[in-house]
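The structure appears right after this line, and notes come after that.
Heavy-atom basis, side chains included; hydrogens, waters and symmetry copies ignored.
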Protein chains: 2
Amino acid sequence: MINKYLMIHNEIATKIEAGDYTTNSLLPSEHELKEQYGTSRETIRKALNLLAQNGYIQKIRGKGSVVIKNSKLDFPVSGLVSFHELAEKMKEKPRTIVQKFSLEKPNEYIRQQLNVKAKDAVWHVNRIREINGERIILDKDYLNKSIVPHLTKEICEHSIFHYLENELNLVISFAKKEIVVEEPTDEDKELLDLEGFHSIVIIKNYVYLEDASLFQYTESRHRPDKFRFVDFARRNQT
Amino acid sequence: MINKYLMIHNEIATKIEAGDYTTNSLLPSEHELKEQYGTSRETIRKALNLLAQNGYIQKIRGKGSVVIKNSKLDFPVSGLVSFHELAEKMKEKPRTIVQKFSLEKPNEYIRQQLNVKAKDAVWHVNRIREINGERIILDKDYLNKSIVPHLTKEICEHSIFHYLENELNLVISFAKKEIVVEEPTDEDKELLDLEGFHSIVIIKNYVYLEDASLFQYTESRHRPDKFRFVDFARRNQT
DNA sequence: GAGTGGTCTAGACCACACA
DNA sequence: GTGTGGTCTAGACCACTCC
């Protein structure tokens, strides 16, 4: 924990989740918090704005900051969610099977998605996600080899994301996500336990680095009954 | 335009869209911009952070702010999108049919969603959205009558949203959105042209006012082939 | 070492809600 | 009027990139 405002944010968030600040009540005023934490008001404001962005509070001019997080249904804020985080929340036993692991020349579709040339090599990884013995999700990852020169099957079994951030020190900065629903392909039918479902929810994820270069394209193909996406949209965000 | 930082944000955004600042080039430094606009650095930083949030630039510590908006594919930032905005983008002829318009005692499901009591009255509006002669979307709206005392069929045919914001002066502050996929109900089959599709994409929308009170619940039920959701997620937002 | 963005401060004035 | 959050300032120090 390095930043003061992050520390304050986390402390208040924890209190809200613990119920120390109850839903619909008001937080102490910015002036009071400033005294409590022995800091400046702008720093408190940074912390509170983060809390607002994350759906914990709602700031109302002239009144105060209302606690809105209802801890029972935990608003998972939309964003980059890895399979591991997801599985942890579901309290179910996840298992990952690396079905495909190869270095390929990209076909036209992937060239378009990843914005690479035909001669560039691309890692292609298929991972099947099993929850409680059912094959629910098929993740198809494509990574630009010029940015990720080395990759192993073992890394894919654990977490590609973790490897990129902690071993390669790549800083993932933002992602564009697109959700569509399609008919299952033959591959879907073969690799997943579709149980008579006639559609597949596809989350297309375009991941960018800090220097705004596109380096990973992922298709996460979900069985529709186990799919749920939550988005928390705020108007007029400062 | 009231705020200095909003003015600066809009000015720079316009320049980026006009190509005055080209993609992948650097913006002037915060120090330079501070001089240019005759303001303080924190104000410049607010404007730049907004630009970053809106996908115009990417700030890199030690280097500067890179312009990343590629004007060709306009990153539609996720948020509250009304049917009218959507239809406008699609350049197709939309038509709205108000299939149901009534004031009801809420059933248990709606009571739960809208967080109201059994005795409270709730507006229930069903609207069918037709695009190019095909019935694609079924919007089921439920509005708390204690917040929206008056409503007419004519308003629903036009835009409920517009009425609430401009006539009632309600300020919509944030919304929680949930996306799931289910089997079509009999009502879906009757009211939509499903054409053999075996699933329905449901967007559940919980709309809150400025004082954090929940006043509208909407289920937007889409035929899967015409559904597309885009989300633009940023990590480590300050 | 020079230049960049990130954090933090102590103060000011304003717009708004509420009594 | 009092208290709240929203904006803005002028300055400071730090972490990072690049040469």
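OP1 and OP2 of C:dA10 both lie 4.0 Å or more from every side-chain N or O belonging to A:Ser40. OP1 or OP2 of D:dT9 has at least one side-chain nitrogen or oxygen of B:Thr39 nearer than 4.0 Å. A close approach under 4.0 Å does not occur between any side-chain nitrogen or oxygen of B:Lys63 and OP1 or OP2 of D:dC16. Within the 4.0 Å cut-off from OP1 or OP2 of D:dC8, not a single side-chain nitrogen or oxygen of B:Tyr5 is found. An OP1 or OP2 oxygen of D:dT9 is reached within less than 4.0 angstrom by no side-chain nitrogen or oxygen of B:Arg41. Side-chain N/O atoms of A:Lys46 include none lying less than 4.0 angstrom from OP1 or OP2 on C:dC8. Applying the 4.0 Å criterion to OP1 and OP2 of D:dT17, one finds that B:Arg61 has every side-chain N and O outside that range.
Protein atom CD of A:Glu30 is 18 Å distant from nucleotide atom P of C:dC14, rounded to whole Å. For the pair A:Arg45 CZ and D:dC8 C1', the interatomic distance rounds to 11 Å; values are reported in whole Å. We find that CG of B:Leu33 is positioned 13 Å from P of C:dG6, with the value rounded to whole Å. Taking atom CD1 of B:Ile44 as the reference point, atom C1' of D:dA10 lies 14 Å away to the nearest angstrom. Atom CG of A:Leu27 and atom P of D:dG3 are 19 Å apart (whole Å). Computed from coordinates, the A:Asn3 CG to D:dA15 C1' distance equals 11 Å when rounded to whole Å. Atom CD of B:Gln58 is separated from atom P of C:dT4 by 18 Å (rounded to the nearest Å). Put simply, NZ on A:Lys34 is 16 Å from P on C:dC8, counting in whole angstrom units.
A search for side chain to side chain contact (heavy atoms under 4.5 Å, CB included) contacts involving A:Lys140 returns A:His124, A:Asn126, A:Leu138, A:Tyr142, A:Glu187, A:Glu219, A:Arg221, not counting sequence neighbours.
Nearer to the 5' terminus of DNA chain C, by closest-nucleotide assignment, is the contact made by B:Pro28 (compared with the other of B:Pro28 and A:Glu42). Each of A:Gly38 and A:Gly62 was assigned the nucleotide of DNA chain C with the nearest heavy atom; the assignment lying further toward the 5' end belongs to A:Gly38.
Base pairing annotation: C:dA19 forms no Watson-Crick or G-U wobble pair, as no partner gives both donor-acceptor distances under 3.5 Å.
Around atom NZ of A:Lys105, more than 12 heavy atoms belonging to other residues, nucleotides or ligands sit under 6.0 Å away.
Under 4.0 Å is where a charged nitrogen must lie from a carboxylate oxygen, and between B:Asp120 and B:Lys145 no such pair does.
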Verdict with supporting geometry, B:Phe101 and B:Leu151, side-chain contact (heavy atoms from CB on, under 4.5 Å)
CA-CA 9 Å; B:Phe101 175 78; B:Leu151 195 66; 4.0 Å; yes
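Judged by the 6.0 Å and 45° rule, B:Lys46 forms a cation-pi pair with B:Tyr5.
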